[in-house]
There are 2 protein chains.
Amino acid sequence: MKRLAILLALAATLAPLGAVAEEGMWTYDNFPSQAVAQKYGFKPTQDWLDHVRLSSVRLAGGCSGSFVSPSALVMTNHHCASDCIQQLSTAKRDFIVSGFLARTAPEEQKCPDIELNTLTNIEDVTARVTKAVAGLSGKDFNDAKKAEISRIEQSCGADTKIRCDVVTLYQGGRYNLYRYKRYQDVRLVFAPEFPIAFFGGDPDNFNFPRYDLDVSFLRAYENGKPAQVKDYLKWNAQGASENELVFVSGNPGSTQRLLTISQLEFLRDVSIPTRLKLYAELRGIYTQFGKQGLEQKRISQEPLFGIENSFKALNGEEEALLDKSFFAQKVAEEQALVTQMINDPAKLALYGNAWGEIAKAQVAYKQIYKPYFFIERRNGFSSELFKIARNLVRGGEERGKPNGKRLSEFTEASLPRLTQQLFSSAPIYKELEEVDLTFALTKLRENLGVDHPDVLKVLGKDSPETLAKKVIAGSKLFDIAYRKKLWEGGNQAVLASQDPMIKLALLVDPEARALRKQYEDTVEAPEKKNGALIAKLLFAIKGTSTYPDATFSLRLSYGTVKGYQENGQMVKPFTTMGGAFDRATGQDPFALPASWLAAKNRLDLSTPFNFVSTTDIIGGNSGSPVINSKGEAVGLIFDGNIQSLGGAFGFDPRVNRSVAVTTNALTEALGKIYRADRIVKELQGN
Amino acid sequence: MKRLAILLALAATLAPLGAVAEEGMWTYDNFPSQAVAQKYGFKPTQDWLDHVRLSSVRLAGGCSGSFVSPSALVMTNHHCASDCIQQLSTAKRDFIVSGFLARTAPEEQKCPDIELNTLTNIEDVTARVTKAVAGLSGKDFNDAKKAEISRIEQSCGADTKIRCDVVTLYQGGRYNLYRYKRYQDVRLVFAPEFPIAFFGGDPDNFNFPRYDLDVSFLRAYENGKPAQVKDYLKWNAQGASENELVFVSGNPGSTQRLLTISQLEFLRDVSIPTRLKLYAELRGIYTQFGKQGLEQKRISQEPLFGIENSFKALNGEEEALLDKSFFAQKVAEEQALVTQMINDPAKLALYGNAWGEIAKAQVAYKQIYKPYFFIERRNGFSSELFKIARNLVRGGEERGKPNGKRLSEFTEASLPRLTQQLFSSAPIYKELEEVDLTFALTKLRENLGVDHPDVLKVLGKDSPETLAKKVIAGSKLFDIAYRKKLWEGGNQAVLASQDPMIKLALLVDPEARALRKQYEDTVEAPEKKNGALIAKLLFAIKGTSTYPDATFSLRLSYGTVKGYQENGQMVKPFTTMGGAFDRATGQDPFALPASWLAAKNRLDLSTPFNFVSTTDIIGGNSGSPVINSKGEAVGLIFDGNIQSLGGAFGFDPRVNRSVAVTTNALTEALGKIYRADRIVKELQGN
């Protein structure tokens with residue numbers, strides 16, 4: 001969940017209503033092949049598109065990847081697999097520090113939590129959903145939409161091998177059914193040492209020039225054996241050249257380019273400042289926690305990295321929204337669209353209230369924001385055990401309901417992913433749990449107030465720290481078998497449980513559910529309904545010559561390998577492996593691992609290392625392959641530059657760049673530094 | 001420096017251009033006695049005003065207080081003396097935990113850093129300053145102003161017993177010379193335990209109802225003996241009643257009620273978000289640091305309290321500025337004033353450019369904000385040793401210049417306070433120094449970038465942590481004698497010093513000074529010059545029927561003891577001592593000290609404890625006496641309510657309240673809980 005993993009947002013100035021230049025995260029069923037052909041003389045055919053789509057992989061936890069061998073070897077980022085790398089580590093064998101290499105097939109180790117998806121089919125179901133919600137609004141709109149979506153997903157035949165998601169595109173202007181092949185047996189094949197995967201650390205994060213080997217290789221298994229796949233990307237160890245046309249296939253998580261001004265103001269004035277202050281404080285806590293000892297450093301490094309990454313990305317978004325000229329441009333665009341509508345009586349009748357209704361939803365959101373955020377949203381990720389407890393509590397109740405009436409994370413289509421996480425063997429660290437839950441309860445009290453009835457109900461006479469320690473010390477949820485027992489026992493088992501964490505989750509559940517309902521009915525429903533109206537107005541004016549906001553579903557971007565101007569200087573598009581040695585200081589986070597220092601003389605230091613291109617990406621694109629026009633892998637996306645951080649709201653082709661590792665450097669490092677001959681052969685055997 | 005100590009800001013909606021209702025922090029030479037008489041039937045005479053002024057005390061570190069006995073017993077807040085209380089503590093005898101009581105005069109202990117000032121005279125020097133800067137702008141304006149002010153201050157005869165400050169009022173519309181008697185031998189007489197001084201801790205901070213005994217008593221000494229003072233406040237143990245007219249005399253630190261919209265936007269969009277994120281992260285670091293052990297908790301509690309207080313106050317300011325209707329009202333006021341000016345050609349000619357020039361200064365400020373903040377402003381308070389090193393480095397150079405050309409903190413008038421701090425015996429904790437300096441260097445690198453020349457110059461190949469540890473481990477500045485040696489040896493001794501902290505301060509000094517110069521010439525000077533023009537326009541329209549923004553100089557506010565509406569409910573103006581027992585949970589920060597639990601049966605639990613009034617105050621007013629019309633002490637200001645936090649920008653008489661301890665509760669607690677008979681007698685002997 002970090003760097004370019006989902007929930008983090010990148011990209012700057014705005015294109016007008018339709019996409020221009022290399023802007024755009026295109027769905028595979030609406031890719032502008034013609035525009036690419038006109039500009040670059042290469043037209044991606046349907047076969048080319050199908051092959052690239054089927055070679056693309058989504059990591060359900062929030063990343064992207066690609067098959068790079070017929071035996072389902074998956075290339076992704078180190079930071080996309082780092083949860084797994086840490087989960088497989090212990091205080092004695094820390095693969096984050098040492099790296100990981102399976103020299104033989106049996107040494108490949110199963111990742112507790114990773115699920116892979118490949119997109120096998122797209123079906124337009126807009127008519128079905130639109131019909132189901134016709135004439136409805138608020139709660140009724142929401143309920144009908146949910147019920148219809150769950151019917152569609154269920155009839156698609158989801159099971160542990162098939163995943164079906166109805167994807168809401170263009171703010172609800174389009175609904176598509178995405179059918180995936182699902183892999184839940186995923187094993188770790190290779191990871192370098194963290195210090196080179198994330199060389200430069202937080203100070204260099206979202207920066208360029210850059211020198212990171214942010215790679216890991218995984219493998220999808222079926223029936224205990226490596227899966228065999230027809231579509232995979234051939235390996236081109238020559239990488240890409242300056243000005244070459246390249247494509248990026250991946251799963252951008254979330255953009256807000258189609259939001260209205262009232263929604264952007266809510267982000268700027270309420271949501272982003274609240275979250276930034278939380279992240280900043282939690283960052284301080286984790287930073288200091290990591291200084292208490294080597295083990296504390298080990299177990300907190302991974303979450304700290306995630307917090308710092310979220311903080312920096314959100315900070316970039318805030319800066320973009322606080323930029324007066326940027327914001328004025330967004331306002332001007334909205335006004336232009338509204339003016340076009342007003343001047344056409346038929347359109348005015350259809351779409352005239354949409355902006356006002358969305359603005360009203362923001363007022364409603366502001367009123368419930370703090371309780372909703374701190375009781376329902378934030379508590380959900382405050383501690384691993386609490387998250388488990390809440391899922392067990394709700395799972396008991398929700399599974400007793402018809403599929404269409406359940407909370408979205410408990411629909412039949414969602415259960416395989418949910419249970420994979422619920423029964424994950426990933427270690428849960430008591431010390432960190434206490435830190436997280438204490439923090440969550442402290443912020444709950446701080447933001448709602450000491451005398452808020454829900455706060456009094458949760459804390460009683462306890463302090464946040466006392467309560468956190470008590471429920472964690474007494475909880476049996478560390479034990480996977482106990483979790484399974486409660487899950488299988490359903491509602492009755494949950495209600496009978498004396499586990500203090502379960503009891504805590506039960507205690508807050510009525511309020512938490514009520515807030516969620518209120519959010520969904522008074523904020524989400526009018527946003528979706530009226531967002532869809534604005535999207536329809538846009539279609540009416542522009543056709544589908546535009547792309548939908550990112551929704552963590554598969555997209556294809558295109559662009560060229562190209563540097564940019566910064567502070568009046570030209571930033572070149574490539575760095576070299578030798579540059580990493582020049583930048584190294586020997587001190588964290590600018591210390592190269594021993595393996596690199598030892599191999600220096602063997603390396604061709606002029607090998608291109610990282611590079612930038614104008615492809616339009618955002619958080620969730622982490623691990624995406626960079627592909628040339630022959631459909632070969634030439635790079636591996638892992639970041640965006642700092643100028644791209646406002647890209648959540650708009651794309652500036654002059655300075656917005658994605659950052660990738662070259663296949664040249666990957667080949668050089670795998671062969672000469674890591675002696676990973678088995679992988680190199682597999683890649684080149686292609 | 002916390003709660004209502006200086007640098008923190010309180011108060012809400014706006015009064016129009018002139019002051020209305022009970023709004024106003026009035027200078028003693030322009031107090032609206034007539035308006036008070038008309039409304040309340042009591043007219044403060046000149047004698048009354050002189051007596052109250054001379055009974056008022058300023059704590060130079062950022063608080064207020066009052067003489068309450070002829071032997072110069074000073075009443076102020078616990079949080080105003082808590083630096084001293086902690087400095088006198090050790091791991092074995094922690095007065096923060098146990099409280100402090102000097103049962104006999106010889107047991108009164110000297111505070112290392114406290115300076116007290118009483119305002120003996122006010123002289124209008126506007127004509128002198130105005131003449132000196134006539135026709136100048138930018139650097140020339142600044143230089144001339146500084147030189148003239150330093151001439152005025154020096155001719156006033158400042159020494160260790162007299163302090164002279166030229167105070168800039170009405171954004172430069174008025175310059176007054178404030179002459180103070182200065183006390184640097186100040187001793188601690190009494191302090192309660194921290195858990196009752198700050199009962200409710202951060203969760204209840206800036207809240208009401210409230211139950212805090214936030215008091216300490218100090219004593220001013222002269223020639224080794226208690227000073228004898230003619231003017232002091234008589235003690236009224238009956239306190240105040242609901243609706244009673246009361247006055248608050250103290251030193252509000254800083255308000256921004258007269259700022260232009262461009263200045264408010266700069267605060268809202270640049271300065272406040274930057275500082276909030278810093279405070280939030282540092283809060284996290286200190287919170288976790290305090291969990292590492294009892295000693296770490298002890299030494300970090302006091303600074304953590306300061307950080308949390310600043311964070312909360314600044315957060316309130318941000319909320320006010322992000323409130324659309326609040327901000328729209330500020331805009332409307334400015335537009336009304338501008339319109340009045342434009343419609344009068346003579347005024348237009350004189351004042352027409354003022355707003356534009358201030359707006360340009362904000363653009364200039366934004367360009368240098370990060371380097372200026374992180375190299376000059378923030379580094380200055382990042383670590384105690386660094387602050388000492390910078391003062392030694394600059395002191396060597398500055399004292400070689402004529403008085404009028406020095407940096408403001410090195411003028412002859414400022415040196416006694418500076419050297420008191422420089423040679424303070426207050427303990428400096430190595431562990432905390434490392435935390436602070438590491439944080440400062442990390443944020444410097446993060447905000448300017450790894451490749452910024454100043455960052456490269458400071459860090460070299462070191463990480464922030466390595467460098468911080470190195471310069472702290474090698475520094476002799478822990479030793480007061482060494483500091484004195486360098487101070488006395490002047491520039492030559494400083495340049496010859498091999499102390500690594502001195503060398504670090506020397507290394508960054510050229511850049512830091514250059515940034516300060518740039519700030520003063522391109523931001524501060526145009527703000528002052530044009531702010532003064534706007535103030536003159538206001539005088540031309542309103543006369544002096546308005547009050548200047550707070551500047552940490554003595555002011556008198558008036559109002560009544562009165563509750564307010566909150567969430568549709570009436571909040572009563574008084575709490576009782578019994579309420580503290582009801583609210584206590586036994587867990588920090590809602591645990592009453594053992595002394596209170598033991599004394600419960602002896603107490604009259606119906607004794608009024610804390611109360612609110614409509615008096616207009618802000619950070620810096622901490623420790624101010626609440627005074628009745630007879631000139632008697634009836635309370636002790638220690639906080640504002642949460643609604644008052646936007647008061648930096650405007651006062652809302654409906655909900656803006658100051659929060660004080662009653663003299664009733666002080667008398668009850670001193671007598672029955674602390675058996676502080678010596679103090680009670682001294683108070684009542686009056």
Side-chain angles (χ1 to χ4, degrees), chain A residues 200-204 207 209 265 268-270 272-273 276-292 308 311-312 315 318-319 321-324 434-435 438-439 442 445-446 449-451 455 459-467 583-591 642, chain B residues 200-204 207 209 265 268-270 272-273 276-292 308 311-312 315 318-319 321-324 434-435 438-439 442 445-446 449-451 455 459-467 583-591 642:
Chain A
D202 176 72
D204 269 1
N207 272 1
E265 285 178 339
R268 183 191 67 192
D269 299 341
V270 181
I272 291 181
L276 273 175
K277 285 174 269 189
L278 276 184
Y279 282 132
E281 186 173 351
L282 197 57
R283 179 187 193 180
I285 289 175
Y286 268 77
T287 301
Q288 192 61 28
F289 179 86
K291 291 185 177 168
Q292 290 171 222
E308 286 185 329
F311 176 80
K312 204 162 187 176
N315 214 32
E318 183 179 59
E319 269 183 31
L321 292 176
L322 286 176
D323 183 293
K324 277 193 165 185
E434 287 176 2
V435 164
T438 299
F439 182 69
T442 305
R445 181 175 72 180
E446 179 175 323
V450 179
D451 301 312
V455 175
L459 288 178
K461 293 227 159 190
D462 283 328
S463 73
E465 190 171 5
T466 312
L467 180 63
R583 193 166 183 77
T585 64
Q587 294 203 39
D588 178 43
F590 295 96
I642 199 91
Chain B
D202 176 72
D204 269 1
N207 272 0
E265 284 178 341
R268 183 192 66 192
D269 299 343
V270 181
I272 292 182
L276 273 174
K277 285 174 269 190
L278 277 185
Y279 282 133
E281 186 173 351
L282 198 56
R283 179 188 191 179
I285 289 174
Y286 268 78
T287 301
Q288 193 61 29
F289 179 87
K291 290 184 178 169
Q292 288 171 222
E308 287 186 329
F311 177 79
K312 205 163 186 176
N315 213 33
E318 183 179 57
E319 270 185 31
L321 292 176
L322 286 175
D323 184 292
K324 278 191 166 187
E434 288 175 4
V435 164
T438 300
F439 182 70
T442 304
R445 181 175 73 180
E446 180 175 322
V450 178
D451 300 313
V455 175
L459 287 178
K461 293 227 159 191
D462 283 328
S463 72
E465 192 172 3
T466 312
L467 180 63
R583 193 167 182 76
T585 65
Q587 292 202 40
D588 179 44
F590 295 95
I642 198 92

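Naming: A, B, ... by sequence-line order, numbering from 1 per chain. Just the heavy atoms: all of them, side chains too, but no hydrogens, waters or symmetry mates, feed the values below.
Contacts between A/Ala584 and chain B at a heavy-atom distance below 4.5 Å involve the backbone alone (N, CA, C, O). Neither the backbone nor the side chain of B/Asn207 comes within contact range of chain A, judged by heavy atoms closer than 4.5 Å. There is no contact between B/Lys312 and chain A, counting heavy-atom distances below 4.5 Å. Heavy-atom distances place both the backbone and the side chain of B/Asp462 under 4.5 Å from chain A. In this structure, the portion of B/Pro273 lying under 4.5 Å from any heavy atom of chain A is its side chain and not its backbone. When heavy atoms are compared at a cutoff of 4.5 Å, A/Phe590 approaches chain B solely by way of its side chain, counted from C-beta outward. If you measure heavy-atom distances from A/Thr442 to chain B, you find no contacts under 4.5 Å at all.
Chain A forms more heavy-atom pairs under 4.5 Å with one residue of B/Asp323, B/Leu278, B/Leu322 than with any other, namely B/Leu322. For the set B/Thr585, B/Val435, B/Asp202, the count of heavy-atom pairs under 4.5 angstrom toward chain A peaks at B/Thr585. Interface check for chain B: of the options A/Pro203, A/Pro589, A/Gly200, A/Gly460, the most heavy-atom pairs under 4.5 Å are formed by A/Pro203. Interface check for chain B: of the options A/Glu465, A/Arg445, A/Lys324, the most heavy-atom pairs under 4.5 Å are formed by A/Arg445.
B/Thr438 is listed as a side-chain neighbour of A/Lys291, based on a closest heavy-atom distance under 4.5 Å. A/Ile285 has its side chain out of reach of B/Ile285: every pair of non-hydrogen atoms, C-beta onward, lies at least 4.5 Å apart. Annotation: side chain of A/Gln292 is in contact with side chain of B/Gln292 (closest heavy-atom distance under 4.5 Å).
Looking at A/Asp451 and B/Arg583, a side-chain N of the basic residue comes within less than 4.0 Å of a carboxylate O on the acidic one, giving a salt bridge. Salt bridge B/Glu318/A/Lys277: present, at least one basic N to carboxylate O contact under 4.0 Å. Ionic pairing of B/Arg268 and A/Asp269 is not present here: no N-O contact between side-chain nitrogen and carboxylate oxygen is shorter than 4.0 angstrom.
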Query raised in the report: Going through the distances and angles, do A/Glu319 and B/Val270 end up as a side-chain contact (heavy atoms from CB on, under 4.5 Å)?
Result: CA-CA 9 Å; A/Glu319 269 183 31; B/Val270 181; over 6 Å; no

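In terms of heavy-atom proximity, A/Ser463 sits nearest to B/Asp588 at CB-O, 3.8 Å.
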